[in-house]
Amino acid sequence: MKSVEGKPVVPRYAALIRGINVGGHKKISMAELRELLATWGFTDVSTYLQSGNAVLTSPEGPDAVAARIEDGIREQLDMTVRVLVRTGPELQAVIDAHPLTAVADNGSRMFAHFLSADPDPALLAENDPRSLAPDEVVLGDRVIYQWCPNGALESPAVGPFVERKLKLTVTARNWNTVTKLASMLG
């Protein structure tokens with residue numbers, strides 16, 4: 001844990017919960033989620049939108065935070081979900097590295113697909129998601145950027161492709177959400 005002027009700084013995280021409140025499945029109200037996260041010992045909990053975005057503080061590392069949230073949701077709500085956790089600096093790095101700023105002029109049509117790990121190079125060589133839309137899909141560090149000029153429904157389904165072919169967990173957020181979460185983390 002870092003310290004500032006001799007006082008420990010407890011890390012803040014964005015918890016990206018995959019697959020809740022999408023298409024009427026795995027419904028969790030954000031009020032209930034905030035309450036559960038606080039019950040599980042997380043502090044300074046806030047949520048954003050209804051799609052599984054929480055910002056919280058914990059002395060634990062990102063993997064332990066993700067595991068604790070996954071376990072808690074399974075035990076308390078009988079739902080199996082995956083959680084990807086990012087720090088403020090990690091989200092800011094995603095924003096700073098945005099490779100499509102010249103064309104992506106609508107935050108609701110620009111997506112960051114957060115990956116559970118770096119892709120295996122051998123699998124990536126055989127199943128490169130950039131082949132789906134070479135001008136609109138760019139690989140980053142544990143993220144795939146996707147510009148959807150005609151909207152998400154008219155663009156290649158990068159997330160399912162990556163999960164099926166690269167064997168990774170993926171959860172996507174539009175650019176407006178990514179920048180809002182980064183600002184919430186300060």
Side-chain angles (χ1 to χ4, degrees), residues 13-28 30 33 47-55 61-87 90-91 93-95 97-100 104 107-182:
Y13 299 107
L16 309 173
I17 304 170
R18 183 185 180 279
I20 65 168
N21 299 345
V22 177
H25 300 290
K26 297 183 181 175
K27 299 284 262 174
I28 303 174
M30 293 302 98
L33 180 61
T47 55
Y48 180 66
L49 298 176
Q50 283 293 117
S51 55
N53 304 298
V55 172
D63 292 340
V65 168
R68 199 142 61 89
I69 296 169
E70 289 172 1
D71 292 345
I73 290 174
R74 185 180 59 256
E75 292 166 10
Q76 298 280 316
L77 303 172
D78 196 30
M79 293 181 202
T80 301
V81 298
R82 287 296 311 269
V83 178
L84 301 183
V85 173
R86 296 296 190 266
T87 65
E90 288 172 329
L91 280 181
V94 167
I95 293 167
H98 184 341
L100 298 166
S108 67
R109 293 183 177 201
M110 178 66 208
F111 290 85
H113 297 268
F114 293 94
L115 309 179
S116 57
D118 289 320
D120 175 274
L123 288 176
L124 183 60
E126 295 176 16
N127 304 288
D128 193 331
R130 293 173 287 201
S131 66
L132 298 172
D135 295 333
E136 298 162 358
V137 176
V138 178
L139 292 167
D141 181 21
R142 289 189 314 148
V143 68
I144 298 173
Y145 299 90
Q146 183 181 19
W147 169 234
C148 303
N150 299 312
L153 295 176
E154 300 297 322
S155 297
V158 168
F161 175 89
V162 169
E163 289 196 333
R164 190 174 62 256
K165 302 288 188 176
L166 300 181
K167 311 297 184 211
L168 297 171
T169 297
V170 180
T171 189
R173 298 297 186 271
N174 76 30
W175 204 249
N176 296 333
T177 299
V178 172
T179 57
K180 178 63 177 179
L181 290 172

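Salt bridge absent: Lys165 and Glu126 never bring a charged side-chain N and a carboxylate O closer than 4.0 Å.
In terms of heavy-atom proximity, Met30 sits nearest to Thr47 at CB-OG1, 3.4 Å. When all heavy atoms of Val158 and Pro129 are compared, the pair lying nearest together is CG1-CB, 4.5 Å. Annotation for Ala182 and Leu91: closest pair N-CD1, 3.9 Å, computed over non-hydrogen atoms. Taking each heavy atom of Leu123 and Asp120 in turn, the nearest pair found is N-OD1, 3.0 Å. Taking both residues in full, the closest heavy atoms of Leu132 and Ala157 are given as CD1-O, 4.5 Å, listed atom of the first, atom of the second, then distance. A pairwise comparison of heavy atoms in Ala15 and Ile69 identifies CB-CD1, 3.8 Å as the closest pair.
Between the side chain of Glu90 and the main chain of Thr87, a donor-acceptor pair closer than 3.5 Å is present.
The ring-ring contact (aromatic ring centres under 6.0 Å, His included) pairs that include a residue from residues 149-175 are His98-Trp175, where partners are two or more places apart or lie in different chains.
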**OP:** Carefully, step by step, assess Arg18 and Val81 under the rule side-chain contact (heavy atoms from CB on, under 4.5 Å).
**Re:** CA-CA 6 Å; Arg18 183 185 180 279; Val81 298; 5.9 Å; no
**OP:** Give the intermediate values and the outcome of side-chain contact (heavy atoms from CB on, under 4.5 Å) for residues Leu33 and Ile17.
**Re:** CA-CA 11 Å; Leu33 180 61; Ile17 304 170; 3.7 Å; yes
Original post:
Does the side-chain contact (heavy atoms from CB on, under 4.5 Å) test come out yes or no for Leu100 and Met110, once each step is laid out?
Top reply: CA-CA 9 Å; Leu100 298 166; Met110 178 66 208; 3.9 Å; yes
Original post:
Is there a side chain to side chain donor-acceptor pair (under 3.5 Å) between Asn53 and Arg173 once you walk through the steps?
Top reply: CA-CA 9 Å; Asn53 304 298; Arg173 298 297 186 271; 2.4 Å; yes
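Annotation: side chain of Leu139 is in contact with side chain of Arg130 (closest heavy-atom distance under 4.5 Å). Within the 4.5 Å cutoff, the side chain of Tyr48 has heavy atoms near those of the Leu181 side chain. Side-chain contact between Tyr13 and Arg86 is absent, with no heavy atoms from C-beta onward closer than 4.5 Å. Residues Val143 and Phe111 are not in side-chain contact: their nearest non-hydrogen atoms beyond the backbone lie 4.5 Å or more apart. Two residues are said to be in side-chain contact when any heavy atoms from C-beta on lie closer than 4.5 Å; Val83 and Leu16 fail this criterion. No side-chain heavy atom of Val162 sits less than 4.5 Å from a side-chain heavy atom of Asn127. By the 4.5 Å heavy-atom criterion applied to side chains, Leu84 and Ser116 are counted as neighbours.
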Donor-acceptor list for residues 144-154 side chains, cut-off 3.5 Å, not counting sequence neighbours:
| unit_1 | atom_1 | unit_2 | atom_2 | d |
| --- | --- | --- | --- | --- |
| Tyr145 | OH | Val94 | O | 2.7 |
| Gln146 | OE1 | His113 | NE2 | 2.8 |
| Gln146 | NE2 | Pro156 | O | 2.9 |

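No hydrogens or angles considered: a donor-acceptor pair under 3.5 Å links the side chains of Arg82 and Thr169.
The CG atom of Asp71 sits 11.0 Å away from atom CD of Gln76, with the distance rounded to the nearest 0.5 Å. Atom CD in Glu163 sits 8.5 Å away from atom OG1 in Thr171 (nearest 0.5 Å).
Applying the side chain to side chain contact (heavy atoms under 4.5 Å, CB included) rule to Pro119 yields the partners Leu115, Leu124, Leu166, Leu168; only residues at least two apart in sequence or on another chain are considered.
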